[in-house]
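Report on the structure given below.
In this chain, numbering begins with 1 at the start of the sequence shown.
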Amino acid sequence: MHQVISVTEASRNFSDVINRVYYQGHTYLLTRGGVVVAQLTGSNKTLSAKELLNRWKDRPRLDPDDAANWEQDLADMRAAFTMPEETPWDS
């Protein structure tokens with residue numbers, strides 16, 4: 001859940017806002033003139049090597065057809081791309 005507050009309100013209550021983000025996991029959308037200009041959220045915790053490995057194993061993967069289509073799209077783009085004969089940086 002995001003709480004919307006003005007930049008002015010955030011600056012006046014900065015310590016409280018930071019404490020709520022850090023200790024309670026709050027997220028704030030900061031507005032200026034009614035327009036959201038920033039988001040204040042807690043930083044992600046540092047993951048251990050074991051946690052990273054577990055996430056790597058569980059990551060989504062392309063099925064073989066999608067992988068083949070992606071590879072063909074990449075080959076088609078490379079074939080269509082040509083380098084200019086000469087560039088302004090050549091000397």
Return a table of donor-acceptor pairs under 3.5 angstrom between the side chains of residues 75-82 and protein atoms on other chains or two or more places apart.
residue	atom	partner	partner atom	Å
D76	OD1	Q72	NE2	2.7

Donor-acceptor pairs under 3.5 Å, side chain of residues 5-20 to any protein atom, not counting sequence neighbours: which ones?
residue	atom	partner	partner atom	Å
S6	OG	E9	N	2.9
S11	OG	V7	O	3.4
S11	OG	T8	O	2.8
N13	ND2	E9	O	3.1
D16	OD1	R20	NE	3.4
D16	OD2	R20	NE	3.0
N19	ND2	S15	O	3.3

Query raised in the report: Tracing side-chain links under 4.5 Å among I, L, V, M, F, W and Y, which residues wind up in one group with Y22?
Result: Y23
Query - Partner residues of R59 under the side-chain contact (heavy atoms from CB on, under 4.5 Å) criterion, sequence neighbours left out - result: W56, R61
Report task. Mind running side-chain contact (heavy atoms from CB on, under 4.5 Å) on H2 and Q39 for me, showing each step along the way? Result -> CA-CA 9 Å; H2 302 301; Q39 178 175 324; 4.1 Å; yes
**Report entry** Results of side-chain contact (heavy atoms from CB on, under 4.5 Å) for D73 - residues two or more places apart only
**Finding:** none
Report task. Of all the heavy-atom pairs spanning V37 and R32, show the shortest one and how long it is. Result -> CG1-CB, 4.0 Å
Query - Linked hydrophobic residues, L29 as query - side chain contacts closer than 4.5 Å - result: V4, V36
